[in-house]
**Q** 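Just dropping this structure here.
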Amino acid sequence: MDFNIPMALILGIESSCDETAAAVVEDGVRIRSSVVSSQVSTHAIYGGVVPELASRMHLEAIDPVVDQALARAGVSLDDIDGIAATQGPGLIGALLVGFSYAKALAWARNLPLAGVNHLEAHICSLQLLDNPPKFPFISLVVSGGHTNIYHVKGPGAFTLMGQTRDDAAGEAFDKVAKMMGLSYPGGPAIETLAKKGDPEKIKFPRSMLKKDNFDFSFSGLKSAVARYLHENPDMSPDVNEGRAAHVAAGFQMAVIDVLCTKLIAAAKDRNCAGIGIAGGVSANQTFVETLAERAAQHKIKVFSPPLSLCGDNAAMIAARGWEMIRNNQVCGLEDDVYSRVKTLN
Ligand code: KG4
Ligand code: ZN
């Protein structure tokens, strides 16, 4: 297939965690449709994702979600030039649903299939922006499972510079929210409450800030918040929303401070004029604004996806898949999903 001809349409499929998603993307950059069926309200009852439930719900949703993505793009399977599906990392049972579906479709239709790395795809959500970052740039994938800094030298050329040694940033948001009796997922709940608080009132620790590397650690911060809440039981939002807001704001700023400092240091280290953030936590507007402000002082530009592309979606999977298929990085029926990262260096 000649992928240099105009208008190659890729069908993207995502099912690594608690979102079943499908999208049609043109030439790796133009979203023709993007459908996301979220299971979040089901898992919220349990305070986190229940893998078995996630797999079952993906099974129910996958077919209608793909149909909807094709219909909204105004195309049929006959118009699709390639298929991209998340191969890993993620929950095995959840990944299997989307990846097996994609394998069957690719085989039946004789189409090339890209097995996409979910983290690389989050970085590729930035190429779907009207003004995408120019290579080389620094990227942060910050979600419930990862806090990774990459040096992105070109399409598909990602070098891992640093990562969390324990909890991911989003995981810290979720755990602190749980301690405070806030709803799941914790990120949006903390951000909303933090708006009413003063981030300077309670100073929580900034882990790894003085270390000369690009790694993170958030479990100490989480413990510090737990200790503070234990010693100040009147900090629950039910008891005293005003004071709880200071805890939320102080915690949030501790996370943001470390993320911003390390990202700017990474950009300066690699002489990059742009920083692109992606993943669920990049939906945090206080983070985006603080980073943009601080980076501007170093003449560094910040790129962040719209809300619809921050969390898990299939447009980013199709964007990454398009690059892979063009480079003949395709997989076959014998290929399997993987739960942990295997390829990013
Ligand atoms: O990328 P994502 O949708 O799923 C994966 O983990 O791959 O990210 C979900 C994470 C959750 O931990 C959630 O609490 C966090 O992103 N998150 C936020 C915000 N919105 C979602 N964290 C901070 N502020 C937010 N506004
Ligand atoms: Zn994700």
Side-chain angles (χ1 to χ4, degrees), residues 12-21 23 34 36-41 43-44 47-49 51 54 58 85-91 94-95 98 116-126 139-148 150 163-164 167-180 182-195 199 216 218 221-222 248-249 251-260 277-291 304-317 319-320 339-341 344:
I13 294 175
E14 153 66 29
S15 72
S16 66
C17 190
D18 59 346
E19 259 98 29
T20 321
S34 179
V36 179
S37 165
S38 177
Q39 309 173 358
V40 74
S41 56
H43 299 293
V49 178
H58 283 307
T86 309
Q87 193 176 359
L91 302 169
L95 286 163
V116 172
N117 176 308
H118 183 85
L119 303 178
E120 295 180 351
H122 268 301
I123 300 172
C124 288
S125 66
L126 296 163
S139 187
L140 173 76
V141 178
V142 61
S143 67
H146 298 89
T147 311
N148 292 5
Y150 297 97
Q163 61 190 312
T164 184
D167 291 349
E171 193 179 353
F173 269 93
D174 293 337
K175 287 179 176 168
V176 166
K178 200 167 187 173
M179 285 177 214
M180 296 181 73
L182 299 171
S183 58
Y184 173 87
I190 297 250
E191 183 178 17
T192 306
L193 184 60
K195 286 203 168 81
F216 302 97
F218 293 108
L221 168 61
K222 178 191 66 189
F251 158 75
Q252 178 174 264
M253 198 42 83
V255 176
I256 290 175
D257 194 9
V258 181
L259 293 178
C260 291
I277 58 173
V281 182
S282 64
N284 188 299
Q285 283 314 297
T286 315
F287 173 36
V288 177
E289 285 159 20
T290 311
L291 179 60
S304 61
L307 274 187
S308 56
L309 294 176
C310 288
D312 291 343
N313 65 87
M316 67 182 195
I317 305 298
R320 177 68 190 122
S339 62
R340 301 178 73 85
V341 184
L344 283 185

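By convention here, the first residue in the shown sequence is residue 1. Order of listing sets the numbers, starting from 1, for every ligand and every atom in it.
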**Q** Closest approach of H58 and A94, non-hydrogen atoms and distance?
**A**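 What the structure gives for the nearest pair is CD2-CB, 3.5 Å.
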
**Q** Pairs of nitrogen or oxygen atoms closer than 3.5 Å, one from C310 and one from ligand 1: do any exist?
**A**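 No, no N or O pair falls under 3.5 Å.
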
**Q** Going by the atom numbers of ligand 1, which of them fall below 4.0 Å from some non-hydrogen atom of G144?
**A**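 Answer, ordered by atom number: 5 (C), 6 (O), 8 (O), 9 (C), 10 (C), 12 (O).
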
**Q** Would you mind checking which non-hydrogen protein atom is closest to atom 17 (N) of ligand 1, with the distance to 0.1 Å?
**A**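 Result for atom 17 (N) of ligand 1: G280 O, 3.6 Å.
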
**Q** Got the closest protein heavy atom to atom 15 (C) of ligand 1, with its distance?
**A**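 Going by distance alone, atom 15 (C) of ligand 1 is nearest to V281 CG2, 3.9 Å.
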
**Q** Has E19 got a side-chain atom pairing as donor or acceptor with V36's backbone, closer than 3.5 angstrom?
**A**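 Looks like no, no N/O pair under 3.5 Å.
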
**Q** Looking only at distance, does G279 have an N or O less than 3.5 Å from an N or O of ligand 1?
**A**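 In this structure, G279 places no N or O atom under 3.5 Å from an N or O of ligand 1.
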
**Q** Looking only at distance, does F173 have an N or O less than 3.5 Å from an N or O of ligand 1?
**A**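 It does not: no N or O of F173 is found under 3.5 Å from an N or O of ligand 1.
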
**Q** Quick one: report the N, O or S atom of D312 that is nearest to the Zn ion (ligand 2).
**A**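 Result: OD1.
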
**Q** Does some side-chain heavy atom of V40 sit less than 4.5 Å from a side-chain heavy atom of P185?
**A**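 Touching, per the 4.5 Å side-chain cut-off.
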
**Q** As a quick check of understanding, evaluate side chain to side chain contact (heavy atoms under 4.5 Å, CB included) for L193 and F251, giving each step before the final call.
**A** CA-CA 11 Å; L193 184 60; F251 158 75; over 6 Å; no

**Q** For the atom pair OG1 (T286) and CG (L291), what is the distance rounded to the nearest 0.5 Å?
**A**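 Rounded to the nearest 0.5 Å, the OG1-CG separation comes out at 12.0 Å.
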
**Q** Taking it one step at a time, do Y184 and V49 satisfy side chain to side chain contact (heavy atoms under 4.5 Å, CB included)?
**A** CA-CA 10 Å; Y184 173 87; V49 178; 3.5 Å; yes

**Q** If hydrogens are left out, which of S143, A189, P188, A278 has an atom nearest to atom 5 (C) of ligand 1, that is, the closest non-hydrogen atom?
**A**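 Minimum heavy-atom distance to atom 5 (C) of ligand 1 goes to S143.
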
**Q** Under 2.8 Å from the Zn ion (ligand 2), is there an N/O/S atom belonging to H146?
**A**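 So H146 does not count as coordinating the Zn ion (ligand 2).
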
**Q** So which heavy atom in the protein is nearest atom 4 (O) of ligand 1, and how far is it from that ligand atom?
**A**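 Residue, atom and distance for the closest contact: D312 OD2, 3.4 Å.
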
**Q** Closest heavy-atom contact between A169 and T147?
**A**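 Taking A169 first and T147 second, the nearest heavy atoms are N-OG1, 2.8 Å.
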
**Q** Side chain or backbone, does G187 bring an N or O within less than 3.5 Å of an N or O on ligand 1?
**A**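 There is such a contact, yes.
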
**Q** Mark up the atoms of ligand 1 that fall under 4.0 Å of a heavy atom belonging to E191, in ascending order.
**A**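 Within the 4.0 Å cut-off of E191, ligand 1 contributes 25 (C), 26 (N).
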
**Q** Go through ligand 1 atom by atom and flag the ones less than 4.0 Å from a non-hydrogen atom of G145.
**A**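 Near G145, the atoms of ligand 1 are 6 (O).
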
**Q** Can you sort out which atoms of ligand 1 are near G170, meaning under 4.0 Å from one of its heavy atoms?
**A**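 Under 4.0 Å from G170, ligand 1 has these atoms: 12 (O).
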
**Q** Is there a heavy atom of H122 sitting under 4.0 angstrom from any atom of ligand 1?
**A**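 For ligand 1, residue contact (heavy atoms, under 4.0 Å) with H122 is present.
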
**Q** Going by distance only, is there an N or O of D174 that falls short of 3.5 Å from an N or O of ligand 1?
**A**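 Right, the criterion is met.
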
**Q** Any side-chain heavy atom of P89 sitting closer than 4.5 Å to one from N117?
**A**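 Yes, their side chains come closer than 4.5 Å.
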
**Q** Hey, is there an N, O or S on C17 sitting under 2.8 Å from the Zn ion (ligand 2)?
**A**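 No, outside the cut-off.
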
**Q** What residue and heavy atom of the protein are closest to atom 24 (N) of ligand 1, and at what distance?
**A**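 I find the closest protein heavy atom is N284 ND2, 3.0 Å.
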
**Q** Which bit of H146 is near ligand 1, meaning a heavy atom under 4.0 Å away: side chain, backbone, both or neither?
**A**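 None of H146 does.
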
**Q** If you take all heavy atoms of Y150 and L119, which pair is closest and at what distance?
**A**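 Scanning both residues completely, I find the closest heavy atoms to be OH-CD1, 3.7 Å.
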
**Q** Is a donor from one side chain sitting under 3.5 angstrom from an acceptor on the other, for S16 and E14?
**A**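 Yes, side-chain donor-acceptor contact under 3.5 Å.
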
**Q** State which residue, out of Q87, M316, H146, fulfils the side-chain contact (heavy atoms from CB on, under 4.5 Å) condition with H118.
**A**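 Of the listed options, the one satisfying the test is M316.
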
**Q** Of the non-hydrogen atoms in Q252 and A194, which two are nearest, and what is the gap between them?
**A**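 Nearest heavy atoms, Q252 then A194: NE2-CB, 3.7 Å.
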
